[in-house]
Amino acid sequence: MLKTAAVLNFLLAAGHVLCLFRLDAAFRLYRIEPFMDRLAALWPPIPYLITLGVACGLTVCGLYALSAAGAIRPLPLLRPAVYAIGAGFAAMSLACDFRSADLAAAVVAGAIGALCLAGGRRAFQTSRT
């Protein structure tokens, strides 16, 4: 479960990096274009830096999932981090207004959250990491 969550996080991170080439279309799809336009008016690189920041955050989430799965060395604060990541993704899945893009994001976030929470419970039940 945790390895699947890690793969999903890495795929999402890669998707965010690929979106850098068409940020305007991605922002329009998720209806955040006006907000990002205001940020870009302050300093044009801001939307790109935010997108890269999200990609980095998703990568860290994936690394924590791999660490909890035992695929890489234990990372600091592993148990609380995995549960916080799982709860965060699960909470994001509730912020959906049922447009196709939002619904797809909610389903993926919910899946990652469930995988992290259930996988973390299983991993930490058998070990003392």
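Quick note: numbers below take in every heavy atom, side chains included, and nothing from hydrogens, waters or symmetry partners.
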- Smallest heavy-atom separation, F27 atom then P47 atom, equals CE1-CB, 3.6 Å
- Rounded to the nearest 0.5 angstrom, the CG-CZ distance for L115 and R122 is 10.5 Å
- Message: Give me the atom names and distance for the closest heavy-atom approach of C116 to G86.
- Response: CB-CA, 3.6 Å
- Query: Out of curiosity, does I46 fall in the hydrophobic cluster containing F35 (side-chain heavy atoms, cut-off under 4.5 Å, transitive links)?
  - Reply: yes
- Closest heavy-atom contact between S93 and A90? OG-O, 2.5 Å
- Message: Measuring from atom SG of C61 to atom CG of L8, what distance do you get when rounded to the nearest 0.5 angstrom?
- Response: 12.0 Å
- Derivation of the side chain to side chain contact (heavy atoms under 4.5 Å, CB included) call for F10 and L66: CA-CA 11 Å; F10 295 142; L66 284 180; 3.7 Å; yes
- Item | R22 atom CZ: more than 12 heavy-atom contacts under 6.0 Å | no
- Message: Using the rule that Ile, Leu, Val, Met, Phe, Trp and Tyr join whenever any side-chain heavy atoms are under 4.5 Å apart, tell me whether W43 and I50 fall into a single cluster.
- Response: yes
- Is there a donor-acceptor contact under 3.5 Å from the side chain of Y64 to the main chain of A6? no
- Message: As a test of understanding, state which of I112, T59, V7 forms a side chain to side chain contact (heavy atoms under 4.5 Å, CB included) with L12.
- Response: I112
- Do you reckon L77 sits in the same ILVMFWY cluster as F124, going by side-chain contacts under 4.5 Å, direct or chained? no
- Is L63 reachable from L11 through a run of hydrophobic residues whose side-chain heavy atoms are each under 4.5 Å from the next? no
- Item | Short side-chain to backbone donor-acceptor contact, S67 and R73, under 3.5 Å | yes
- With side chain to side chain contact (heavy atoms under 4.5 Å, CB included) as the test, would you mind laying out the steps for L23 and M36 before giving the verdict? CA-CA 10 Å; L23 272 185; M36 288 300 180; over 6 Å; no
- Item | Point-to-point distance, once rounded to the nearest 0.5 Å, from CD1 of I85 to CG of L58 | 10.0 Å
- Hey, could you give me the CG/CG distance between L117 and L2, rounded to the nearest 0.5 Å? 9.5 Å
- Honestly curious: do I72 and M1 fall in one hydrophobic cluster under the side-chain, below-4.5 Å linking rule? yes
